[in-house]
Amino acid sequence: MLCSLVTAGPAGKTGLDCEANLKDRGGAVLDLHRLRILRELHRRGTITAVAQALSYSPSAVSQQLATLERETGVKLLEPAGRRVRLTAQADVLVAHAEVLLAEMERAESALARSLQETAGTLRVAAFQTAVLTLVPSAIRRLQSAHPDLRIEVTELEPDTALPALVVGDFDVVLDEEYPGHPLPLLAGVSRSDLFTDELLLAVPSPWAGRDLLDVAKRPFALEPASTPAGQWALATCREAGFEPDVRYTSTDLQIHLRLVEQQLAVALIPQLADAQNRPGIALNPMRDHPNRTVFIAVRNGALDHPAVRAFTTALAQTHQQLDSPPPAAASEPDHRHR
C-alpha cells in the first residue's frame, strides 16, 4: 500500500512485488517518520515551527522533507515569500498519511494484544502534579504486574506534549484541561478522560479569609497568563469582582505552595498537588467547586494497546487510592465530586 503512493506498479503486483520494482528503479518505500514531519508542516505552516515542536534544527527538517520528495518523485514544497507551502501533491500525501499513521497504530496494538505478556517501552509525557503524585505509584504497580514493561516519563506542558505525541515522540500524554478553557482538538489524537480534580483556594493558615473575596487584596501566586491554568485563574478572580494582585508567576505549583507556606501569597491549587498535609496552608473549597479534567491522549488506534491499557488502569487505581477517605472514615460514604 505504501509503494502505491510512490509509483503505480503493474496491475496484479503484490506489495512485495511493488517494493522490489521500486528498488530496481532506485526508489524507496515511504518513511512514516518523514510523513509525520510533512503532516506537522501542514498543521504548523512553517519549517521553523515544526523544528521547534520536534526539537530539531530547521535544516534537519528541510533535509527530511527533501528526502521525502526524492522518495515520492514529486515536488512537495514551493516557495511562498519567505516561507514554503505545500503543493497539491503534498496535500494528497498528507491525507493518506493520516490514514497510514492511524492504521500503523492499530496494527501495533493488535500485534501487542496477540502476545501473552505486556512488554516493551511506553514513552509518557505528563504535567507536573501528575509526575509528582500519580505517576510514581502507577509505575510501581506496573513493575509488579508487568515487569517487562519499561516506562519512560518526561515532564512537559500541554502545548508542547500534545504536538510531540502527534509526531511520535511519545506514546501517551497525561494532560489536564481547565474549566472553560478546552484544549485544541488535534487531528490524529484520541482522548480518554480519567477523572476530575477539584481546584481549591490555598491561603496561609494565619490569614483571615476562606473565600476569594476575602483575600481579594492579598498577593497572588498564579501560573502565567499565557497558560490555560493562568487564564482560568484570572477569569475566576475577575468573575468574583476583582483584579488579582499577581506578584509571583510560575508554572511550578510547588513554588506556589512554598509562597503560601511563607505567608507571601494565596494561590489556586488543584487537589492533586497534595497540599493537604503541608504545614501552614489552609485549603478551602471554592464557590461552584470548579474541577479540572485529567485525561490521557494517544495517537488514533493506540487506546487499545496493552501497554496503554495497563498504564491507564494503574493511573486509575492510584487515583482511587489517593482519593479514598482516611481509614478512620472508611465506613463513611464519600460524597465528594469525582
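Each residue takes its place number in the sequence, starting with 1.
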What distance separates [X] [atom1] from [Y] [atom2], expressed to the nearest 0.5 Å?
{"X": "Leu76", "Y": "Asp91", "atom1": "CG", "atom2": "CG", "result": "10.0 Å"}
{"X": "Arg210", "Y": "Leu283", "atom1": "CZ", "atom2": "CG", "result": "10.0 Å"}
{"X": "Asn284", "Y": "Ile269", "atom1": "CG", "atom2": "CD1", "result": "12.5 Å"}
{"X": "Gln320", "Y": "Leu194", "atom1": "CD", "atom2": "CG", "result": "13.0 Å"}
{"X": "Ile151", "Y": "Ile139", "atom1": "CD1", "atom2": "CD1", "result": "6.0 Å"}
{"X": "Leu86", "Y": "Arg39", "atom1": "CG", "atom2": "CZ", "result": "13.0 Å"}

Which atom pair, heavy atoms only, marks the closest approach of [X] to [Y]?
{"X": "Ser144", "Y": "Pro147", "result": "O-CD, 4.1 Å"}
{"X": "Ala267", "Y": "His256", "result": "CB-CB, 4.1 Å"}
{"X": "Ala119", "Y": "Leu149", "result": "O-CD1, 3.9 Å"}
{"X": "Leu322", "Y": "Thr133", "result": "CD1-O, 3.8 Å"}
{"X": "Trp207", "Y": "Val203", "result": "CB-CG1, 3.9 Å"}
{"X": "Ala221", "Y": "Leu259", "result": "CB-CD1, 3.9 Å"}

| message | Could you walk me through whether Leu93 and Leu30 satisfy the side-chain contact (heavy atoms from CB on, under 4.5 Å) test, starting with their C-alpha distance in whole Å, then the side-chain angles of each, then the deciding distance to 0.1 Å, before giving a yes or no? | response | CA-CA 11 Å; Leu93 191 56; Leu30 297 183; 4.0 Å; yes
Scan side-chain atoms only and decide if [X] and [Y] contain a donor-acceptor pair under the 3.5 Å cut-off.
{"X": "Thr48", "Y": "Thr46", "answer": "no"}
{"X": "Arg278", "Y": "Gln254", "answer": "yes"}
{"X": "Thr129", "Y": "Arg292", "answer": "yes"}
{"X": "Thr67", "Y": "Arg70", "answer": "yes"}

Would you confirm whether [X], through its side chain, and [Y], through its main-chain N or O, come within 3.5 Å as a donor-acceptor pair?
{"X": "Ser205", "Y": "Ile281", "result": "yes"}
{"X": "Glu177", "Y": "Leu183", "result": "yes"}
{"X": "Gln128", "Y": "Leu253", "result": "yes"}
{"X": "Asn291", "Y": "His289", "result": "yes"}
{"X": "Asp197", "Y": "Leu272", "result": "yes"}

| field | Of His33, Arg34, Glu69, the residue whose pairing with Gln64 passes side chain to side chain donor-acceptor pair (under 3.5 Å) | value |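 Answer after filtering His33, Arg34, Glu69: Arg34.
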| Worked verdict on Leu268 versus Met286 for side-chain contact (heavy atoms from CB on, under 4.5 Å) | CA-CA 9 Å; Leu268 304 181; Met286 299 173 62; 4.0 Å; yes
| task | Check Val94, Val166, Val61, Leu35 against Glu40 for a side-chain contact (heavy atoms from CB on, under 4.5 Å) and give me the one that passes. | result |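 Testing Glu40 for a side-chain contact (heavy atoms from CB on, under 4.5 Å) against Val94, Val166, Val61, Leu35 leaves exactly one candidate, Val166.
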Would a 4.5 Å heavy-atom cut-off, applied to side chains only, mark [X] and [Y] as touching?
{"X": "Pro270", "Y": "Glu176", "answer": "no"}
{"X": "Gln321", "Y": "Ser137", "answer": "no"}
{"X": "Val172", "Y": "Phe311", "answer": "yes"}
{"X": "Arg299", "Y": "Asp171", "answer": "yes"}
{"X": "Pro224", "Y": "Thr251", "answer": "yes"}
{"X": "Pro290", "Y": "Thr236", "answer": "no"}
{"X": "Leu199", "Y": "Tyr178", "answer": "yes"}
{"X": "Leu315", "Y": "Ile296", "answer": "yes"}

Connected via hydrophobic side-chain network under 4.5 Å: [X] and [Y]:
{"X": "Leu142", "Y": "Val153", "value": "yes"}
{"X": "Leu122", "Y": "Val173", "value": "no"}
{"X": "Ile37", "Y": "Ile47", "value": "yes"}
{"X": "Leu234", "Y": "Ile255", "value": "no"}
{"X": "Val246", "Y": "Leu201", "value": "yes"}

If you count the non-hydrogen atoms of other residues, nucleotides and ligands that lie under 6.0 Å from [atom1] in [X], is the total more than 12?
{"X": "Arg43", "atom1": "CZ", "result": "yes"}
{"X": "Arg141", "atom1": "CZ", "result": "yes"}
{"X": "Asp193", "atom1": "CG", "result": "yes"}
{"X": "His146", "atom1": "NE2", "result": "yes"}

| Under the side-chain contact (heavy atoms from CB on, under 4.5 Å) criterion, do Leu65 and Leu38 qualify, and how do the steps go? | CA-CA 7 Å; Leu65 293 171; Leu38 181 68; 4.1 Å; yes
| query | Under the side-chain contact (heavy atoms from CB on, under 4.5 Å) criterion, do Val294 and Leu174 qualify, and how do the steps go? | reply | CA-CA 7 Å; Val294 177; Leu174 181 58; 3.9 Å; yes
| task | Would you please classify the geometry between the His319 ring and the Phe195 ring as parallel, tilted or perpendicular, with 30° and 60° separating the classes? | result |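 Parallel.
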